[in-house]
Amino acid sequence: MKKLKNELALILEPFLKEYLSLEEIEETLELPKFAEQGDLAFPCFKLAKSMRKSPHIIAQELSQEISSDKFEVKNQGPYINFYINRQELAETILTEILSKKEDYGSSEEGQNRPVIIEYSSANISKELHFGHIRGIMIGSSLYKITKTLGYKAIAINHLGDYGINFGKIITAYKHWGDKEHIEKIGVRGLLELYLYFNKASAEDPSYMEEARRWFYKLEEDKDPEALELWKWFKDVSLKEYNRVYKLIGCTFDSYAGEAFYSDMMPDIRQELLEKDLIIEDDGAEIIDLSDENLPNVIVTTSQGSSLYITRDIAAAIYRKQEYDFYRNCYVVGSEQRLHFTQLKAILKKMGYDWWDQCEHIDHGLVMMETGKISSRDGDNIFLEEVIQTAIQKTRDSIEERNPELEDKDEIARQVGLGALAYRELSNSRVKDYTFNWDETISFEGETGPYLQYTNVRCQSLLTKGAYDESLGFDGSHLTEDSSKELLWELGLLPSILTSAFEKMEPALLSRYLMGVAKLFNKFYAQVSVIVDNKEEKNSKLALVKAVS
RNA sequence: GCGCAUAUAGCUCAGCAGGAUAGAGCACCUCCCUCCUAAGGAGGGGGCCGGGGGUUCGAAUCCCUCUAUGCGCGCCA
């Protein structure tokens, strides 16, 4: 695609060089909305002023002068439309895809530059509820996209394994805890403790004091009892998280959570003091960000403990030293926008010129019909249950539609997960959405199963047609409309991946794949495949799926 | 109160570094399994692109303003 645009720009350049540079010509070229308007179009509005003619006349005149054996040139109104030679298109694109196979779309453009994708970042001792699925799917997808483009991707699960919450849980455990019970039911047991605590401290503030003391003991005194409990809570939680991660198929390169940075807290505080950024206020230490038009930030509590933001400052500095990141992406819900804006502002004030390489990749919230999900009130559904239910419902549906199928369990697993994944990745990141079972496990239309179904169709054709790669292909068999549209779309993959990476927007890729699948199904309906060796087409379709 | 985000078909959403007739899916109505798995395909109805101003030859797209919704705003993460 890029190549084509470039070639076309070169053809146009001699006619336009007085007015536009080669780059400008390339940028001006656009994809027409309708098929009858060609494959690429050059709008002449920009030229009207400098050439002092109406765009219509310019387009008309130019279209008569330009000629190329690769493109057919037509003039429609103020546009010059270019129609590519179909046989050549087929040969260019198919050769590219078939030679790269599964690697089609991947590239070296990342030059191995380090890109950090922080995602999931589970809060130890709290459950992974279904609101977390969004961040996990988005993060995991971005991680794969980043890798595909030749960047050195680093997935970090910035565990919430520190902070006053641990004081709360320890307090609750000391009062009402039961070791066996927790061993038995896992994170649920810890969550119960958390809920007990909230209830009790609402009535009696002294519990909160106790919690503060425990966290101080953990952070400053390295109290052995506190440390041991902390470690245990972490183990119990991680065991459960890993089960979910495995089910979803996402991976991490590092589990360096907040506690990991605890030793750096004194140095960070010292650095902030030296850079004269800290102000005393009510016994706490704050940073004034009013010149950035932001609210003040507390970096040390009146108890002398660190906070979330303090640890994030340390984490950013550590990551820069350790990985020398090119981009440091935080895949975190949009409710934390202010936090990350403040974090960046502080890093800027500290004089780190890489502050704007840190990016908050925010995403909208998942709501229930009843409203926002809150661990505090315990009104949640465990993520694992959601996944299992999705699989079960898929299984039921198979039983209904296709009872004689083999491997029903495995298929249900793949289709159920695919449905969930597509549901999470198809909308723009920033949108909130309300969780709804019917839509999530719907199999018709723009859904995960549609993509998978399409892929299955491809595979089936390859098998039945006894595809033999060594026979090669002949582009002249691939010139009817549906083939051409499909080929054209396939050629777009690299540029889609690039912009998905730049914008950190997986939806660009999922929607693109949906487009490919739709075009394939159209092609499938219109063209009979098992006639000659058009099987090529399908093989690379399968490859496109492999990327997803 | 202040800040940030969102607003497009009955529902869920694309399109938004201005450009040719505003697009999908679901739902609704017609057709298509003697033909590569119909979880599919072809077609139809359905839109003051939240309201109002402005910039421009041209605005769903850019600017201003209002409204509605969501999120956030010092010792949670």
Side-chain angles (χ1 to χ4, degrees), chain A residues 27 30 32-34 37 41 43-46 48-49 54-55 76-79 81 121 123-124 126 158 160-165 167-168 211-212 258 281-287 293-305 307-309 311-312 332-339 341-342 362 364-365 367 371-372 375-376 394 397-398 401-402 415 419 423 426-428 430-434 436 438-439 442-450 452-454 456-458 460-465 507-508 511 514-515 517-518 520-531 535 538:
Chain A
E27 276 171 32
E30 56 185 37
K33 259 181 183 169
F34 302 94
Q37 290 163 350
C44 296
F45 301 99
K46 278 188 189 171
K49 225 173 198 172
S54 90
Q76 286 170 48
Y79 291 84
N81 295 330
S121 305
N123 286 328
I124 296 296
K126 290 191 191 170
H158 188 69
D161 55 1
Y162 225 49
I164 186 72
N165 266 333
K168 292 184 188 175
R212 289 217 171 86
E258 294 190 49
D281 190 70
D282 266 348
E285 294 177 336
I286 66 167
I287 297 177
N293 252 328
L294 292 168
N296 297 336
V297 180
I298 294 182
V299 287
T300 314
T301 68
S302 44
Q303 293 262 327
S305 295
L307 283 161
Y308 179 43
I309 187 106
R311 290 168 227 130
D312 255 358
V332 179
S334 56
E335 72 274 16
Q336 289 190 33
R337 263 186 206 136
L338 179 58
H339 167 79
T341 323
Q342 288 173 325
D362 57 346
L365 272 42
M367 324 273 261
K372 198 188 168 184
S375 305
R376 197 170 285 252
T394 307
S397 176
I398 291 173
R401 297 181 192 224
N402 228 334
V415 174
R423 173 91 184 109
S426 58
N427 290 352
S428 304
V430 297
K431 304 254 183 166
D432 292 349
Y433 86 94
T434 303
N436 176 305
D438 292 342
E439 281 176 27
S442 157
F443 295 157
E444 280 156 30
E446 293 182 353
T447 60
Y450 179 93
Q452 292 167 323
Y453 174 70
T454 306
V456 169
R457 275 188 156 175
C458 295
S460 162
L461 283 179
L462 290 175
T463 313
K464 292 203 174 157
L508 290 174
R511 279 198 291 268
M514 183 55 64
K518 278 184 182 170
F520 174 78
N521 281 322
K522 191 174 167 191
F523 162 83
Y524 182 90
Q526 288 179 2
V527 180
S528 185
V529 173
I530 303 193
V531 198
E535 291 90 78
N538 314 299

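Letters go in sequence order (proteins before strands), and every chain restarts at 1. Here the structure is a predicted model, which means the values were calculated and not measured.
Considering only side-chain N and O atoms, A:Arg457 lies under 4.0 angstrom from the phosphate OP1 or OP2 of B:A38. OP1 or OP2 of B:A7 has at least one side-chain nitrogen or oxygen of A:Lys431 nearer than 4.0 Å. Between A:Ser428 and B:A14 there is a side-chain N or O to OP1 or OP2 distance below 4.0 Å. Contact annotation: A:Tyr433 side-chain N/O to B:U6 OP1/OP2 distance is not under 4.0 Å. A:Arg511 has a side-chain polar atom (N or O) that falls below the 4.0 Å cut-off from OP1 or OP2 of B:G15. At the phosphate of B:A20, OP1 or OP2 sits under 4.0 Å from a side-chain N or O atom of A:Lys33.
Stacking annotation: A:Tyr453 is not stacked on the base of B:G40 (requires ring centroids less than 5.5 angstrom apart and an interplanar angle below 30 degrees). Residue ring and base: A:Tyr450 does not count as stacked with B:A39 (centre distance below 5.5 Å and interplanar angle below 30° not both satisfied).
The separation between A:Glu439 atom CD and B:A24 atom P is 19 Å, rounded to whole Å. Whole-Å rounding puts the A:Glu30 CD to B:A17 P distance at 12 Å. The nearest whole Å value for the distance from the CD1 atom in A:Ile287 to the P atom in B:G74 is 16 Å. The distance between atom CE of A:Met514 and atom C1' of B:C26, rounded to the nearest whole Å, is 13 Å. Taking atom NE2 of A:His158 as the reference point, atom C1' of B:A77 lies 9 Å away to the nearest angstrom. Between the P atom of B:A39 and the CZ atom of A:Phe520 lies a distance of 15 Å, rounded to the nearest Å. Atom CG in A:Leu365 sits roughly 14 Å away from atom P in B:U6 (whole-Å rounding). In this structure, the CZ atom of A:Arg401 is 11 Å from the C1' atom of B:G40, given to the nearest Å.
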Open item on the list: Set out, in order, the CA-CA distance, both residues' side-chain angles and the distance that settles salt bridge (Lys or Arg N to Asp or Glu O under 4.0 Å) for A:Lys518 and A:Glu446, then state yes or no.
Closed with: CA-CA 9 Å; A:Lys518 278 184 182 170; A:Glu446 293 182 353; 2.9 Å; yes
TODO: Check the pair A:His339 / A:Asp312 against side chain to side chain contact (heavy atoms under 4.5 Å, CB included), numbers first and verdict last.
DONE: CA-CA 10 Å; A:His339 167 79; A:Asp312 255 358; 2.8 Å; yes
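No N or O donor and acceptor, one from the side chain of A:Ser442 and one from the base of B:C26, sit under 3.5 Å apart.
Relative orientation of the A:Tyr79 and A:Phe45 rings is perpendicular, given thresholds of 30° and 60° on the angle between their planes.
Residues A:Lys518 and A:Val456 both approach RNA chain B. Their nearest nucleotides, taken by heavy-atom distance, put A:Lys518 toward the 5′ side. Residue whose closest nucleotide on RNA chain B sits further toward the 5' end, between A:Leu307 and A:Asn427: A:Asn427.
Within the 4.5 Å cutoff, side-chain heavy atoms of A:Thr394 are placed close to those of A:Phe443.
B:C33 takes the syn form, because its glycosidic angle lies no more than 90° either side of 0.
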